[in-house]
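A short write-up of the structure that comes next.
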Amino acid sequence: MPPAGGRSTEVGSPGMIEALRAIVGSAQVLTDDIATYAIDARKKYFGKPLAVVKPGNTAEVAAVVTLCAAHGVAVVPQGGNTGLVGGGVPDESGTQLIINLSRMNRVLEVDPQNNTMTVEAGCILQNLQETAATHGRLFPLSLGAEGSCEIGGNISTNAGGVQVLRYGNTRELVLGLEVVLPSGQVWNGLRGLRKDNTGYDLKQLFIGAEGTLGIVTAAVLKLFPLPTATQTAFMALGSPAKALDLLTLMKGRLGERVTAFELVSDFALSLVEKHVPPFVSPFAERHPWYVLCDLADGRDAQALAADLEAALAAALEGELITDAVLAKSEAESQRLWKMREDITWAQVREGRNVKHDVSIPISKIPQFHAAAHAALEAAYPGVRPVVFGHVGDGNLHYNVAHPTATHSEDEWVGREWESVSRIVHDCAARFNGSISAEHGLGRMKREEIRRYKSEVELSMMRAIKAALDPAGLMNPGKVL
Ligand code: FAD
Ligand code: 2HG
Ligand code: ZN
């Protein structure tokens, strides 16, 4: 579709807004009361958008992007705006247009035999989990923000979550994509194929690109059989090293049935008890660390429970764990998982902290943890690390709360942010780790990554960006 309004339509001019209205309808171009779209989930970035456009289908997205390309208007794709690195909000210039995909929330097809589901980008993750379940299938992507994040955002951040151990990252759950390119052209790659060796696997470029290469408008997702039996165990233990030994034991005895294996430090648990009542630890005593583990199976529940109990007995016998509770009902399991998901909110209530999302080879986690703790304590005596996360994937949220005796919360997340992050990121790099395992770079880590990626790697990334988005209008200022 040719750009409406012609070349004379200036950024921010009434002509541009009118042209957008002509494409999506007046009600879907928002210019007033749009602050909630412009502030990121952590309230770190306060952007100023030109406007927010809410297209209803792929053709409208393509027409909006074509118009913007013709007039040099930068666009910021946005889903549920739950991202944690400021990737989905515009800068403060007032010239960037938010394209919010939330209205594109239709499930286009469920194919239980092919074990696939074709969906629009604005579908809320939890709705997709529920849709899959109504067809006797599992869509395994699962994370704390699942009630509001959207699949287009999950794809664009290659989201991880708590079931990566068994099912992989979002990257492994996507078979096909439809994308509106920065030129406004539509690439229809909505193929539900598990094997396709016809050249470069282009969809992988857009997965994890954080909206810098194009706008994902639809996807073909992989489904799995719905488990018939599940079990949840919450275990107390002495150290991260014990957690790794426990993981080896559990995987050895229970194999693929271990779907989630999350580490929680006692400080993280105590923050949930303090700030998110009525949760209280199920253990009578305090322990330094805990692991929350889920098992799933397609066979009978009693056999799964018996295998889990035998594994726990072996773990107690081998002194890997000091105590354990098994959830006796679905409600108990949900309570434990809510505690895990509430860690994010409990931290906010305790005071903003400096967050990290590192990954390290699993075997190196104990050394990484010890090194990071020692380096932080040396620089900031009394520092309070809030450590938890997807230890089964080598991914720790090594968040750091301020030492109350020496720093205020504002000083900590203002003046000290960079130096605290540098300590943790340098430690991850020392063990050949990554500074972002799942949240991405967005705006927050775009400068920081230059310290850790080689020039060769960065220049390949820049070349891909330049090839697909030569004018640099697709989510500028993010990632690169
Ligand atoms: P947004 O925040 O809207 O956007 C994220 C990025 O993707 C931005 O760069 C945006 O420009 C781009 N984008 C969005 N939609 C599109 C599209 N259709 N096409 C192209 N680009 C697009 N993340 C994890 O990985 N694992 C977790 O366990 C996890 N837990 C979380 C828990 C909480 C409580 C919160 C608040 C966040 C959590 N996150 C987690 C981070 C966040 O939920 C994920 O990054 C999620 O995938 C983002 O989806 P969204 O729809 O909110 O995307
Ligand atoms: C999680 O695993 C999320 O809960 C959020 O990735 C982590 O709050 C955080 O730092
Ligand atoms: Zn996480």
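All ligand and atom numbering here is 1-based and tracks the order in the structure.
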Would you please classify the geometry between the Phe431 ring and the Phe368 ring as parallel, tilted or perpendicular, with 30° and 60° separating the classes?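 Perpendicular: the ring planes of Phe368 and Phe431 meet at over 60°.
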
Whether Tyr290 and His287 hold their rings parallel, tilted or perpendicular, with breakpoints at 30° and 60°: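 If you compare the ring of Tyr290 with that of His287, the planes turn out perpendicular.
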
Is there a heavy atom of [X] sitting under 4.0 angstrom from any atom of ligand 1?
| X | value |
| --- | --- |
| Asn475 | yes |
| Lys478 | no |
| Gly161 | yes |

Using a 4.0 Å cutoff against the non-hydrogen atoms of [X], which atoms of ligand 2 qualify?
| X | answer |
| --- | --- |
| His390 | 2 (O) |
| Thr344 | 4 (O), 5 (C), 7 (C), 8 (O), 9 (C) |
| Lys355 | 8 (O), 9 (C), 10 (O) |
| Gln347 | 8 (O) |
| Glu438 | 2 (O), 6 (O) |
| His397 | 1 (C), 2 (O), 3 (C), 6 (O), 7 (C) |

Among protein heavy atoms, which lies nearest [atom], and at what distance?
| atom | result |
| --- | --- |
| atom 46 (C) of ligand 1 | Asn154 ND2, 3.5 Å |
| atom 35 (C) of ligand 1 | Ala145 CB, 3.7 Å |
| atom 38 (C) of ligand 1 | Leu84 CD1, 3.8 Å |
| atom 25 (O) of ligand 1 | Gly160 N, 2.9 Å |
| atom 2 (O) of ligand 1 | Gly83 N, 2.8 Å |
| atom 1 (P) of ligand 1 | Asn81 N, 3.6 Å |
| atom 50 (P) of ligand 1 | Gly80 N, 3.5 Å |
| atom 34 (C) of ligand 1 | Trp345 CZ2, 3.4 Å |

Below 2.8 Å, which protein N, O or S atoms neighbour the Zn ion (ligand 3), ignoring water?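 Listed by chain and number, the nearby protein N, O or S atoms are His390 NE2, His397 NE2, Glu438 OE2.
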
If we ignore angles and hydrogens, is there a donor and acceptor under 3.5 Å between the side chains of [X] and [Y]?
| X | Y | answer |
| --- | --- | --- |
| Ser421 | His356 | yes |
| Asp294 | Thr259 | no |
| Ser359 | Asn395 | no |
| Glu210 | Thr212 | no |
| Asn100 | Gln78 | yes |
| Thr157 | Glu438 | no |
| Glu350 | His275 | yes |

Not counting sequence neighbours, which residues clear salt bridge (charged side-chain N to carboxylate O under 4.0 Å, His left out) with Glu256? List them please.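 Arg166.
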
Just let me know how Asn399 lines up against ligand 2, side chain, backbone, both or neither, with a heavy-atom cut-off below 4.0 Å.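 The side chain, only.
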
Just let me know how His439 lines up against ligand 2, side chain, backbone, both or neither, with a heavy-atom cut-off below 4.0 Å.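 Side chain only; the backbone of His439 stays clear of ligand 2.
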
At a non-hydrogen distance cut-off of under 4.0 Å, which region of His439 contacts ligand 1 (side chain, backbone, both, or neither)?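 Side chain only; the backbone of His439 stays clear of ligand 1.
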
Does [X] reach ligand 1 with a nitrogen or oxygen that is under 3.5 Å from one of the ligand's nitrogen or oxygen atoms?
| X | answer |
| --- | --- |
| Gly87 | yes |
| Pro77 | yes |
| Gly79 | yes |
| Ala41 | no |

Close-contact set for ligand 1 against [X] heavy atoms, below 4.0 Å:
| X | answer |
| --- | --- |
| Ile215 | 19 (N), 20 (C) |
| Glu210 | 9 (O), 11 (O), 12 (C) |
| Gly88 | 8 (C), 9 (O), 10 (C), 11 (O) |
| Gly211 | 20 (C), 21 (N) |
| Gly214 | 20 (C) |
| Ala159 | 25 (O), 47 (O) |

Residues two or more places apart in sequence or in another chain: which of them pass side-chain hydrogen bond (donor to acceptor under 3.5 Å, both in side chains) with Arg191?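 Once residues adjacent in sequence are excluded, Arg191 has no partner under the side-chain hydrogen bond (donor to acceptor under 3.5 Å, both in side chains) criterion.
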
Among [options], which one puts a heavy atom closest to [atom]?
| atom | options | result |
| --- | --- | --- |
| atom 2 (O) of ligand 2 | His356, Arg340, Arg42, Glu262 | Arg340 |
| atom 36 (C) of ligand 1 | Val216, Thr82, Val179, Thr157 | Thr82 |
| atom 22 (C) of ligand 1 | Pro90, Ser156, Gly122 | Ser156 |

Check whether NZ of the Lys or CZ of the Arg Lys44 lies under 6.0 Å from the centre of the six-membered ring of Trp417 and within 45 degrees of that ring's axis.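 Yes, Lys44 lies over the aromatic ring of Trp417.
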
Check whether [X] reaches the backbone of [Y] with its side chain - one donor and one acceptor, N or O, closer than 3.5 Å.
| X | Y | result |
| --- | --- | --- |
| Gln347 | Ile343 | yes |
| Trp412 | Val400 | yes |
| His390 | Gly161 | yes |

Glu409, CD atom: more than 12 neighbouring heavy atoms under 6.0 Å: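 Count over threshold, so yes.
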
With the side chain counted from C-beta on, respond yes when Asp426 and Tyr452 share a heavy-atom pair under 4.5 Å apart, and no when they do not.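 Yes, side chains in contact.
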
Measuring centre to centre across the rings, with the benzene-like ring taken for any Trp, is His439 within less than 6.0 Å of His397?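 That pair passes the under 6.0 Å test.
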
Ion pair check, Asp342 and Arg340, cut-off under 4.0 Å: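 A salt bridge is absent here (no side-chain N lies under 4.0 Å from a carboxylate O).
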
Using salt bridge (charged side-chain N to carboxylate O under 4.0 Å, His left out), reason through Glu448 and Arg422 one step at a time and then give a plain yes or no. CA-CA 9 Å; Glu448 185 76 349; Arg422 184 57 50 82; 3.0 Å; yes

Contact summary for Lys445 and Asp357, nearest pair of heavy atoms: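 The pair with the smallest heavy-atom distance is NZ-CB, 4.0 Å.
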
In chain order, what residues pass the ring-ring contact (aromatic ring centres under 6.0 Å, His included) check against Phe224, with sequence neighbours excluded?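 Scan of Phe224 (ring-ring contact (aromatic ring centres under 6.0 Å, His included), adjacent residues dropped) gives Tyr167.
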
